[in-house]
2 protein chains.
Amino acid sequence: MFSKTFGYALRAVTFITIHGNDGNKVGLQELSQALEIPHHFLGKIMQDLVRHGVVDSVKGPHGGFYANAKTGKTVLTDILRITDGNLVFSQCALGIKRCNAAHPCPLHDDFALCRDGMLQIMAQKTVSMLAEGVVSGDTFLVR
Amino acid sequence: MFSKTFGYALRAVTFITIHGNDGNKVGLQELSQALEIPHHFLGKIMQDLVRHGVVDSVKGPHGGFYANAKTGKTVLTDILRITDGNLVFSQCALGIKRCNAAHPCPLHDDFALCRDGMLQIMAQKTVSMLAEGVVSGDTFLVR
DNA sequence: AGAAATAAAGAGTGTCAACTCTTTTTGTTG
DNA sequence: CAACAAAAAGAGTTGACACTCTTTATTTCT
Ligand code: FES
Ligand code: FES
């Protein structure tokens with residue numbers, strides 16, 4: 001469905017929203033250990049998120065990643081677009097070239113409903129909403 | 001979402017259901033040209049489907065693939081299981097190890113609903129249902 | 001039986017996501 | 001300023017999927 005990169009990115013951003021603030025940044029080491037994500041790989045992903053302004057970072061001792069004004073308001077599809085590109089949003093389940101109601105494959109009606117529904121939900125959910133669920137113990141970021 | 005192999009397999013089986021019968025088999029060449037699928041690759045996929053009894057085949061002149069008693073009744077999840085394995089049915093959207101209501105990731109409730117809904121639909125749809133839609137001109141198998 | 005057609009089988013190639021390792025840059029602190 | 005810590009950058013590795021090409025086995029037809 002979605003790439004591993006997306007899962008890693010989303011979990012990392014949520015974790016930072018919960019545990020990182022301007023005075024107490026989250027290091028790559030800490031992040032990768034807490035979430036059980038290979039840390040070099042996570043480094044790459046974080047670079048990308050910083051470049052897109054989803055989170056901020058500082059180098060040097062006591063450096064790390066921390067939430068900025070945008071972070072909490074970031075919506076899941078924003079992150080999906082960064083990690084997985086735009087194609088996810090419009091691809092046919094059977095891989096035929098066009099995907100639209102005027103030229104549907106045999107699965108289109110059902111699939112488009114499912115896909116677009118999921119994406120719409122993800123376009124409304126923000127990172128801080130996810131963080132809430134984790135803080136309250138309702139949902140989990142690891143294992 | 002699903003592999004290309006799955007799309008190829010499903011389109012091929014549907015095409016055979018429509019155009020192939022015991023007296024008039026569909027050759028690999030014809031199949032791959034009609035559906036615009038690389039024919040050597042399609043050959044591999046068809047091998048697998050024949051092995052699983054989804055369609056039958058004969059070699060030699062005027063050989064090819066044709067629908068058997070099972071073909072039309074085959075349900076989409078059967079084909080999905082052959083091409084994509086079992087993992088699709090139970091994987092977490094964020095890639096955490098367990099995926100169940102007792103240990104949900106922040107996306108679980110929405111995602112599981114969407115995924116299981118889609119799979120349930122696919123567990124009820126048969127190849128002959130798809131074929132009907134194509135024959136009546138409502139849906140398309142190519143492009 | 002021999003030739004031709006066709007699926008089956010197998011080996012090889014390209015690409016990309018996912019992951020690892022090394023080096024560089026930047027910032028902090030003593 | 002020197003030492004050090006941490007992110008950034010870059011190069012390399014691996015495995016799986018997607019695809020190609022070649023060879024073999026089987027069947028039909030003459
Ligand atoms: S055309 Fe296949 S899902 Fe839209
Ligand atoms: S736990 Fe993530 S989708 Fe079920």
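Chain letters run A, B, ... following the sequence lines, proteins first, then strands; residues in each count from 1.
- Rounded to an integer number of Å, the gap from Lys25(A) NZ to dT28(C) P is 8 Å.
- For the pair Thr5(B) and dA18(D), the criterion of a side-chain N or O lying under 4.0 Å from OP1 or OP2 is met.
- You'll find a donor-acceptor pair under 3.5 Å spanning the side chain of His40(A) and the base of dC21(C), going by distance alone.
- Across the interface with DNA chain C, nearest-nucleotide mapping of Val58(A) and Gly27(B) shows Gly27(B) to be the residue nearer the 5′ end.
- Taking atom CD on Gln33(A) and atom C1' on dA6(D), their separation rounds to 14 Å, with Å as the unit.
- Heavy atoms of Gly43(A) sit nowhere under 4.0 angstrom from any nucleic acid atom.
- Within the 4.0 angstrom heavy-atom criterion, only backbone atoms of the sugar-phosphate kind lie near Tyr8(A); the bases stay farther away.
- In this pair, Tyr8(A) and Phe41(A) present their aromatic rings perpendicular. The plane angle is above 60°, beyond the 30 to 60° band.
- Proximity note for Pro38(A) (side chain, C-beta onward) versus dC29(D), dT20(C), dG27(C): the nearest is dT20(C).
- Rounded to whole angstrom, the span from the NZ atom of Lys44(B) across to the C1' atom of dT24(D) amounts to 12 Å.
- Judged by closest nucleotide on DNA chain D, Pro61(A) is the one of Met46(A) and Pro61(A) placed further toward the 5' end.
- Proximity of Gln47(A) to the phosphate of dA7(D): no side-chain N or O atom is located under 4.0 Å from OP1 or OP2.
- Rounded to whole Å, atom C1' of dG10(C) lies 15 Å from atom CG of Asp48(B).
- Across the protein-nucleic acid pair, Phe65(B) atom CZ and dT27(D) atom P stand 14 Å apart, rounded to whole Å.
- The shortest side-chain heavy-atom distance between Phe89(A) and Leu80(A) falls under the 4.5 Å cut-off.
- Arg11(A) pairs with exactly one of Leu31(A), Ile16(A), Ile37(A) by the side-chain contact (heavy atoms from CB on, under 4.5 Å) rule, that one being Ile37(A).
- Atom-to-atom, CD1 of Ile37(A) to C1' of dA17(C) comes out at 15 Å; the value is rounded to the nearest Å.
- Between Arg81(B) and Asp78(B), no side-chain nitrogen of the basic residue sits less than 4.0 Å from a carboxylate oxygen of the acidic one, so the salt-bridge criterion is not met.
- Taking atom CZ of Phe2(A) as the reference point, atom P of dA18(C) lies 13 Å away to the nearest angstrom.
- The phosphate of dA7(D) (OP1 or OP2) has no side-chain N or O of Arg51(A) nearer than 4.0 angstrom.
- The side chain of Lys4(B) has dC19(D) as its nearest neighbour among dC19(D), dA5(D), dT22(C).
- The side chain of Ser3(A) has dA18(C) as its nearest neighbour among dA18(C), dA8(D), dA8(C).
- The shortest distance between the side-chain N/O atoms of Lys59(B) and the OP1/OP2 oxygens of dT24(D) is not below 4.0 Å.
- Which of dT29(C), dA11(D), dA7(C) sits closest to the side chain of His62(A) comes down to dT29(C).
- Hydrophobic clustering (side-chain heavy atoms under 4.5 Å, transitive across Ile, Leu, Val, Met, Phe, Trp, Tyr) keeps Val75(B) apart from Leu94(A).
- Rounded to a whole Å, the CG atom of Leu42(B) is 16 Å from the C1' atom of dC17(D).
- Residue Phe2(A) is not grouped with residue Leu113(B) when hydrophobic side chains (ILVMFWY) are merged at heavy-atom distances under 4.5 angstrom, including chains of intermediate members.
- The phosphate of dT6(C) (OP1 or OP2) has no side-chain N or O of Ser57(B) nearer than 4.0 angstrom.
- Proximity note for Phe41(B) (side chain, C-beta onward) versus dA18(D), dA8(C), dG27(C): the nearest is dA18(D).
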